[in-house]
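Since the structure comes first, as structure tokens, the remarks are kept for the end.
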Amino acid sequence: MWLMKSEPGSYSIDDLARDGRTHWEGVRNYQARNLMRDQMQAGDAVLFYHSNAQPPGVAGLARISQAAQPDPTAQDPNHAYYDPKAIPQNPWLMVELGFVAKFPCLVSLRELKDHPGLTGLMVIQRGARLSVQPVAPEHFRLIEQLGLGD
DNA sequence: GCCAACGTTGGC
DNA sequence: GCCAACGTTGGC
């Protein structure tokens, strides 16, 4: 189970709801890429997190609809995500993300930090910049309940 | 291989 | 807008 960050100004949970599914292009961090390559599987559940938002927090649920495959934008000189140093033998990767649900009420970063049941959750650690993060199943279930208002 | 400089992320 | 944290780059 995962948490994936997006700035709602560039791609929000509403955009994903509209599109149904989307290629998660532009990941240019090796740790994040290796997680996608080595551990992420089609069908995995995802918390969709809004970063650089007011307030930041988990905005909804998604699912990995397609496992990691090479990210063509890294090879495209006309694309904003172009990486001139990218080599085909060691490509950047992308997954496909499918919409599951938008939370009726966003679970803010403040709530995540204050909740006693979420100790150790990566996104609430200082300086946790990784855009793709593993989430423990019990943390996932808890955040899901908070977001769905159960 | 070290490490200072620099760029990016992202909360506040 | 500020700035701490972190990753990357490049000189040596």
Side-chain angles (χ1 to χ4, degrees), chain A residues 1-19 22-40 44-64 67-97 99-136 138-149:
Chain A
M1 300 186 163
W2 305 95
L3 179 146
M4 295 174 77
K5 296 180 185 174
S6 183
E7 302 195 13
S10 45
Y11 199 85
S12 72
I13 189 73
D14 291 319
D15 293 321
L16 185 60
R18 177 198 62 212
D19 297 339
T22 191
H23 287 298
W24 207 247
E25 312 164 324
V27 174
R28 298 292 180 265
N29 172 283
Y30 287 109
Q31 207 179 340
R33 183 201 64 178
N34 295 346
L35 283 172
M36 294 197 296
R37 183 188 62 198
D38 301 333
Q39 294 183 241
M40 216 176 237
D44 284 356
V46 176
L47 298 170
F48 194 102
Y49 181 88
H50 281 174
S51 62
N52 264 323
Q54 289 183 8
V58 179
L61 300 172
R63 185 176 309 284
I64 303 300
Q69 56 182 312
D71 178 350
T73 66
Q75 311 285 344
D76 178 0
N78 297 316
H79 201 284
Y81 294 150
Y82 177 57
D83 177 8
K85 299 187 302 304
I87 51 171
Q89 292 76 21
N90 190 22
W92 291 115
L93 301 175
M94 64 180 185
V95 294
E96 188 187 70
L97 211 58
F99 176 74
V100 174
K102 178 182 179 178
F103 283 161
C105 38
L106 175 132
V107 184
S108 70
L109 179 61
R110 182 74 262 162
E111 288 175 78
L112 297 175
K113 286 179 172 174
D114 288 344
H115 200 291
L118 294 174
T119 308
L121 180 69
M122 189 181 287
V123 76
I124 63 179
Q125 309 306 313
R126 237 174 124 71
R129 300 191 311 173
L130 200 57
S131 63
V132 176
Q133 305 182 357
V135 177
E138 61 270 27
H139 288 164
F140 193 101
R141 280 195 294 273
L142 192 47
I143 295 165
E144 186 176 26
Q145 286 172 5
L146 293 171
L148 295 175

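Chain A is the first sequence line, chain B the second, and so forth, proteins listed ahead of strands; every chain is numbered from 1.
- Taking the six-membered ring where the residue is Trp, A/W24 and A/Y11 present perpendicular rings, their angle passing 60° and hence far from 30°.
- Contact check for A/L112 versus A/V58: side-chain heavy atoms found under the 4.5 Å cut-off.
- Under the rule for a ring-ring contact (aromatic ring centres under 6.0 Å, His included), A/H115 has no partner lying at least two apart in sequence or in another chain.
- Not one N or O on the side chain of A/R63 forms a donor-acceptor pair closer than 3.5 Å with the backbone of A/V100.
- Under the ring-ring contact (aromatic ring centres under 6.0 Å, His included) criterion, A/W92 pairs with A/Y30, not counting sequence neighbours.
- The shortest heavy-atom contact between A/V107 and A/I143 is CG2-O, 4.0 Å.
- Within a heavy-atom distance below 4.0 Å of DNA chain C, no residue of residues 6-15 of chain A is found.
- If you walk DNA chain B from 5' to 3' and mark each nucleotide with an atom closer than 4.0 Å to a heavy atom of chain A, the marks span B/dG7 to B/dC12.
- Within a 6.0 Å sphere centred on CD of A/Q31, heavy atoms belonging to other residues, nucleotides or ligands number 12 at most.
- At a non-hydrogen distance threshold of 4.0 Å, A/R126, A/G127 from residues 113-128 of chain A come into contact with DNA chain C.
- Using a 4.5 Å heavy-atom threshold, the side chains of A/L47 and A/L61 count as touching.
- In this structure a side-chain-to-backbone donor-acceptor pair under 3.5 Å is missing from A/T73 to A/H79.
- Remark: A/D15 engages A/R18 in a salt bridge (charged side-chain N to carboxylate O under 4.0 Å, His left out) (not counting sequence neighbours).
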